[in-house]
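All remarks here apply to the structure that follows.
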Amino acid sequence: MIYFTSIFEDEVTHQVMLKLYESVGNLMEYRSIPCNGKGKIKKHINAYNEAARYTYFFVITDLDNDFECAPTLINDWLSSNKTTNFLFRIAVHEIESWLLADGDNLAKYFSISNKQIPRDPDIELDPKGIIISLAKRSRKREIREAIVPIDNFASIGPEYNIKLQTFVRDFWDLGAARKRSPSLDKTIKALDRISKNSI
């Protein structure tokens with residue numbers, strides 16, 4: 001069994017990481033570091049990379065619209081080459097794109113038509129906005145009230161993170177999602193290589 005320190009922007013991303021460990025197998029979290037956004041991750045990324053000389057670290061951050069592509073972000077943030085045990089992955093463009101990639105189950109969870117969900121979520125510049133837009137069309141009142149912002153001062157609904165964490169934990173199909181999200185597929189393959197090399 002390989003034990004990781006998980007570093008993430010928010011609890012939705014954390015649930016994604018836990019699901020990845022479980023699905024790949026032979027991987028487990030032994031410590032988590034919530035960062036409440038990408039600022040703290042960027043500030044400490046080189047320290048995490050150095051610490052990974054001695055143990056495994058797994059970092060996920062969103063590409064957002066800050067950089068043209070994931071390698072550009074990585075090269076900008078890291079001052080030295082990645083160490084062997086340091087897995088630094090970028091969700092393109094946000095972690096929500098990986099959830100949108102399992103369109104069938106998300107449609108069922110939101111009670112909407114799957115025809116409304118983008119087929120290529122990695123090319124979408126605002127996956128979070130798409131999630132909110134889809135929730136507005138939900139036939140479930142609880143989804144609308146949880147995910148859609150209550151006014152113009154809020155960016156997300158009051159239970160946005162809770163509902164998406166539940167989706168990831170109980171409904172999200174990684175096998176289906178990786179077929180539509182190249183960035184997720186690359187992350188799964190990287191974890192799989194680590195898992196197999198430890199056996």
Does [Y] offer a backbone N or O that forms a donor-acceptor pair with the side chain of [X] under 3.5 Å?
X: D120; Y: I123; result: no
X: Q15; Y: V168; result: no
X: N49; Y: N81; result: yes
X: K19; Y: R169; result: yes
X: T55; Y: A52; result: no
X: H93; Y: D122; result: yes
X: D102; Y: A176; result: no
X: N197; Y: R193; result: yes
X: N46; Y: W77; result: yes
X: S138; Y: L134; result: no

Write down the atom of C35, the atom of I7, and the distance for their closest heavy-atom approach.
-> SG-CG2, 3.7 Å
Looking only at heavy atoms, the pair that brings A101 and A177 closest together is CB-O, 3.2 Å
Establish, yes or no, whether a centroid distance under 6.0 Å links the rings of F4 and F57.
-> no
Going by heavy atoms in the side chains, are I156 and K128 under 4.5 Å from each other?
-> yes
Check whether any side-chain heavy atom of I90 lies under 4.5 Å from a side-chain heavy atom of S183, and answer yes or no.
-> no
So, E9 and K40, do they make that salt bridge, N to O below 4.0 Å?
-> no
Cationic N near anionic O, under 4.0 Å, K108 to D104 | no
Linking I/L/V/M/F/W/Y whenever any side-chain heavy atoms sit under 4.5 Å apart, do I45 and F58 land together?
-> no
Between S195 and D192: side-chain donor-acceptor atoms closer than 3.5 Å = no
Give every residue pair that meets the ring pair (Phe, Tyr, Trp, His ring centres under 6.0 Å) criterion with at least one member in residues 108-141, sequence neighbours excluded.
-> Y109-F167, Y109-F171
